[in-house]
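These notes concern the structure reproduced below.
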Amino acid sequence: LVFGKKHAKPHLLVLTEGHVHIVTEDGVYDAYAPACFEGKKDSKRAVYAYTDCAFITVHPTKLTTVEEIEADAIQKEDLTWVGLQLVEQL
């Protein structure tokens with residue numbers, strides 16, 4: 001089970017390998033690679049992997065370093081809680 005970072009901007013999420021359940025504010029998605037999803041601004045997701053899997057997250061940008069891109073694309077958040085309500089949906 002993996003909890004993703006909160007994204008500050010719209011982006012693409014590409015599942016290139018594996019079988020997963022993706023839990024978002026909009027529901028639970030059963031996905032098999034290859035698959036592509038639109039990530040919304042302010043979105044956060046939990047992923048339960050049934051098999052080994054690989055993802056690619058695509059953020060359109062003109063920035064050139066990983067540090068700059070992460071600072072621009074990822075929101076800082078309070079991680080003192082655990083999103084068990086998302087896990088219960090699985």
Side-chain angles (χ1 to χ4, degrees):
L1 181 64
V2 176
F3 290 92
K5 294 182 178 182
K6 192 168 190 177
H7 295 263
K9 297 179 177 184
H11 57 283
L12 292 177
L13 177 66
V14 182
L15 176 62
T16 60
E17 179 182 334
H19 173 213
V20 297
H21 267 137
I22 300 173
V23 182
T24 70
E25 296 90 351
D26 297 326
V28 180
Y29 303 92
D30 186 30
Y32 291 85
C36 187
F37 306 91
E38 178 184 356
K40 297 178 183 175
K41 180 181 185 294
D42 298 326
S43 67
K44 185 166 180 70
R45 63 191 144 257
V47 176
Y48 181 85
Y50 290 96
T51 64
D52 289 345
C53 62
F55 284 95
I56 299 170
T57 303
V58 180
H59 291 277
T61 185
K62 292 184 181 187
L63 300 173
T64 58
T65 69
V66 172
E67 294 79 16
E68 291 174 319
I69 294 166
E70 285 187 347
D72 184 57
I74 305 299
Q75 293 182 7
K76 295 192 185 308
E77 58 183 317
D78 178 8
L79 298 177
T80 57
W81 62 277
V82 177
L84 293 178
Q85 67 275 14
L86 295 177
V87 176
E88 290 171 0
Q89 294 184 40
L90 293 174

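Just so you know, these numbers use all the heavy atoms, side chains as well, and skip hydrogens, waters and symmetry mates.
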*asked:* If the condition is side chain to side chain contact (heavy atoms under 4.5 Å, CB included), which residues does Val2 pass it with, not counting sequence neighbours?
replied: none
_Tyr32: partners by ring-ring contact (aromatic ring centres under 6.0 Å, His included), with sequence neighbours left out_ = His19
_Residue pairs passing the salt bridge (charged side-chain N to carboxylate O under 4.0 Å, His left out) test where at least one lies in residues 46-64, sequence neighbours excluded_ = none
Heavy-atom closest contact ([X] atom, [Y] atom, distance):
X     : Y     : value
Lys6  : Lys44 : N-NZ, 4.4 Å
Phe55 : Thr16 : N-OG1, 4.4 Å
Leu1  : Ala46 : CD1-CB, 4.4 Å

*Quick one: does Thr24's side chain get under 4.5 Å of Tyr29's, heavy atoms only?*
yes
*Transitive ILVMFWY cluster of Val58 at side-chain heavy atoms under 4.5 Å: who else is in it?*
Leu12, Val14, Ile56
*Roughly how far, to the nearest 0.5 Å, is the OG1 atom of Thr57 from the NZ atom of Lys5?*
10.5 Å
*Please name the residue in the list Glu70, His11, His7 that meets the side chain to side chain donor-acceptor pair (under 3.5 Å) test with His59.*
His7
_My understanding is that only residues two or more places apart in sequence, or in another chain, count here; which of them pass side-chain hydrogen bond (donor to acceptor under 3.5 Å, both in side chains) with Lys9?_
Asp72
Under 3.5 Å donor-acceptor pairs involving side-chain atoms of residues 36-43, not counting sequence neighbours:
from  : atom 1 : to    : atom 2 : distance (Å)
Lys40 : NZ     : Asp26 : OD2    : 2.7
Asp42 : OD1    : Gln75 : NE2    : 2.4
Ser43 : OG     : Lys40 : O      : 2.6

